[in-house]
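Note sheet for the following structure.
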Amino acid sequence: MGIASGIRKQASKITMGERSVSAWAEKLKQDTEEMPQAPMHRVEKDGLDITMAWAVIGIFAMLALSAIYMMSLILVPVTLAVVVGMILGLLAEKLSRLGVPRITNAVILSTGVALVIVLVANSLAGPLTTLANEGPAFVEKTFNRLMPYLERIRWLHITPETFQGGPMSSDKLLENTGNVLHLISANLTPALVQALIFFAALLLFLAGRVSLRRSIIMVFRTRPQRLAAIRVINSVEQVLGFYFATASLIYLCLGVMMMVIAYLGGLSAPVLWGFFAFLSSFIPYLGIASMTLAAAIAGIITHDGLLVGLMPAAAFFIVHLIMENLVFPAVMGKRLEINPFVVFLAILFWTWMWGAVGAMLALPLSLIVMTIIDELFIEERLQPQLPK
């Protein structure tokens with residue numbers, strides 16, 4: 001009976017998670033518990049520690065920016081492909097629901113993007129060739145037309161003799177034109193390499209979009225974190241798709257109106273004006289400024305009177321303001337409003353980093369960051385008080 005009761009007691013200890021402990025181990029545990037515990041003090045950081053921490057953060061940020069700048073040959077087309085792929089994500093999802101395989105979706109959409117670029121380049125080849133052939137005559141006519149206005153600005157110290165000799169003479173300008181053509185031809189190979197990287201990255205991104213999305217979600221361990229990742233990815237795709245689909249339609253109408261303005265205003269190559277009006281509208285502030293200035297110069301060169309020459313630029317500026325400040329907010333609503341100063345700083349930063357492509361990517365990247373912040377801090381939004 002005693003052996004059986006001992007076995008039962010030992011089994012009950014094992015079942016309850018208890019273990020037999022030796023006498024000296026029990027004594028050591030008791031002595032440890034009786035030892036006075038050192039008081040816990042919070043380590044206070046002085047100004048030097050805080051300065052060192054911020055210095056490390058600053059060094060890391062400088063190294064990251066340097067890496068982004070040095071790897072622009074690869075990062076620019078890859079980033080552009082990811083943004084375009086996320087914009088086309090909703091269309092790819094609709095094709096998948098219709099039973100089209102993912103790889104077929106990727107081929108169809110990437111081929112469509114390539115065809116659009118080829119068609120646009122083909123339609124602009126004629127006007128650009130004409131503009132290049134008439135370049136010297138256009139430059140000479142520009143000088144003759146703008147010289148009376150430049151002479152009135154005395155602090156510029158510009159006279160007709162300025163363009164007859166020295167570094168601003170016509171011979172020097174023609175020589176520099178040859179240097180510009182050589183520079184363009186030297187940069188043609190990197191541009192072709194970036195184009196190939198863009199199309200390859202776009203095809204692979206669209207083909208593996210679902211698996212990449214699943215991998216990003218599964219990186220997080222807890223269920224709330226995974227749900228937040230799903231919410232962020234869905235919101236980014238919806239915002240980019242809705243924004244650029246609507247903006248493309250609005251800016252396409254603006255490009256058509258600019259073609260009409262250029263045709264009625266007597267400007268050469270109205271198709272080219274319409275295309276650049278459409279393309280520059282995706283760059284806030286800088287796009288409308290450059291287009292208005294170019295239209296003003298072209299109008300002054302084309303027409304004899306100053307007021308008549310400025311009419312195409314004024315018409316484009318008024319139409320752009322109406323669409324940007326009335327039509328665009330009415331269609332988009334207040335959900336996609338971004339601080340104009342933040343957008344302006346983003347354009348300056350990405351233009352400095354990646355040039356013209358960076359200026360076009362500034363707005364999409366700002367939308368992505370804004371959407372991520374908006375979704376991650378969703379619990380801090382002001383919720384409406386519903387009646388009980």
Side-chain angles (χ1 to χ4, degrees), residues 77-121 195-220 223 225-256 278-279 281-282 323 327-338 357 360-376 378:
V78 171
T79 305
L80 185 61
V82 171
V83 172
V84 174
M86 297 184 73
I87 293 173
L88 298 175
L90 297 178
L91 184 57
E93 193 69 25
K94 292 182 179 179
L95 291 177
S96 298
R97 292 175 182 175
L98 295 176
V100 182
R102 294 193 185 98
I103 185 65
T104 308
N105 287 343
V107 174
I108 292 174
L109 294 177
S110 59
T111 304
V113 173
L115 287 177
V116 170
I117 294 176
V118 170
L119 290 175
V120 170
L196 293 176
I197 294 175
F198 166 74
F199 288 114
L202 179 61
L203 177 63
L204 296 175
F205 179 82
L206 290 173
R209 187 178 65 90
V210 177
S211 59
L212 179 62
R213 173 193 179 106
R214 187 183 299 112
S215 301
I216 294 174
I217 294 171
M218 296 307 294
V219 167
F220 302 96
R223 177 180 173 83
Q225 291 177 347
R226 291 178 179 177
L227 291 176
I230 294 173
R231 188 173 63 246
V232 168
I233 295 174
N234 290 338
S235 298
V236 169
E237 289 184 351
Q238 291 176 0
V239 166
L240 288 179
F242 175 72
Y243 182 88
F244 281 96
T246 309
S248 298
L249 293 176
I250 295 176
Y251 294 149
L252 181 61
C253 297
L254 178 64
V256 173
F278 167 77
L279 196 63
S281 298
F282 287 96
M323 287 194 169
V327 179
F328 207 90
V331 176
M332 290 295 183
K334 296 184 177 180
R335 183 189 173 193
L336 299 179
E337 287 185 355
I338 311 177
V357 181
M360 297 187 65
L361 286 173
L363 186 57
L365 295 177
S366 301
L367 285 172
I368 292 173
V369 174
M370 180 196 71
T371 305
I372 293 174
I373 295 175
D374 192 41
E375 292 296 333
L376 290 180
I378 189 173

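Counting non-hydrogen atoms of neighbouring residues, nucleotides and ligands closer than 6.0 angstrom, the CZ atom of R102 reaches no more than 12 such neighbours.
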| query | Taking it one step at a time, do I117 and F199 satisfy side-chain contact (heavy atoms from CB on, under 4.5 Å)? | reply | CA-CA 11 Å; I117 294 176; F199 288 114; 3.9 Å; yes
| request: Could you walk me through whether L88 and V113 pass side-chain contact (heavy atoms from CB on, under 4.5 Å), step by step? | output: CA-CA 10 Å; L88 298 175; V113 173; 3.9 Å; yes
| task | Any chance you could lay out the side-chain contact (heavy atoms from CB on, under 4.5 Å) test for V232 and T371, step after step, and finish with the verdict? | result | CA-CA 7 Å; V232 168; T371 305; 5.9 Å; no
| Checking side-chain contact (heavy atoms from CB on, under 4.5 Å) for the pair L367/M370: CA distance, chi angles, key distance, verdict? | CA-CA 5 Å; L367 285 172; M370 180 196 71; 4.0 Å; yes
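Between A92 and R209 the shortest heavy-atom distance is CB-NH2, 4.2 Å. Counting all heavy atoms, side chain and backbone alike, S281 lies closest to L254 at OG-CD2, 3.1 Å. Across L240 and P364, no two heavy atoms sit closer than the pair CD2-O, 4.0 Å. Here the closest heavy-atom approach between residue A229 and residue F220 is recorded as CB-CE1, 3.7 Å. Across S110 and L203, no two heavy atoms sit closer than the pair OG-CD1, 3.6 Å. Taking all atoms of both residues into account, the shortest heavy-atom contact from N105 to S96 is ND2-OG, 2.9 Å.
Between I233 and I217, some side-chain heavy-atom pair lies under the 4.5 Å cut-off. Between L109 and L202, every side-chain heavy-atom pair lies at or beyond the 4.5 Å cut-off. Between V84 and F198 the shortest side-chain heavy-atom distance falls below 4.5 Å.
Atom OG of S235 and atom CG of D374 lie 8.0 Å apart (nearest 0.5 Å). Note: M86 CE to R213 CZ = 9.0 Å, rounded to the nearest 0.5 Å. The CD atom of E237 sits 10.0 Å away from the CD1 atom of I368 when rounded to the nearest 0.5 Å.
Of the possible donor and acceptor atoms, one in the side chain of S211 sits under 3.5 Å from a partner among the backbone N and O of G208. Without hydrogens or angle criteria, T104 side chain to V100 main chain gives no donor-acceptor distance under 3.5 Å. At distances below 3.5 Å, at least one donor-acceptor pair connects side-chain atoms of N234 with backbone N or O atoms of I230. Looking at T246, its side chain never comes within 3.5 Å of a backbone N or O of Y243 through a donor-acceptor pair.
Taking the six-membered ring where the residue is Trp, Y251 and F282 present perpendicular rings, their angle passing 60° and hence far from 30°.
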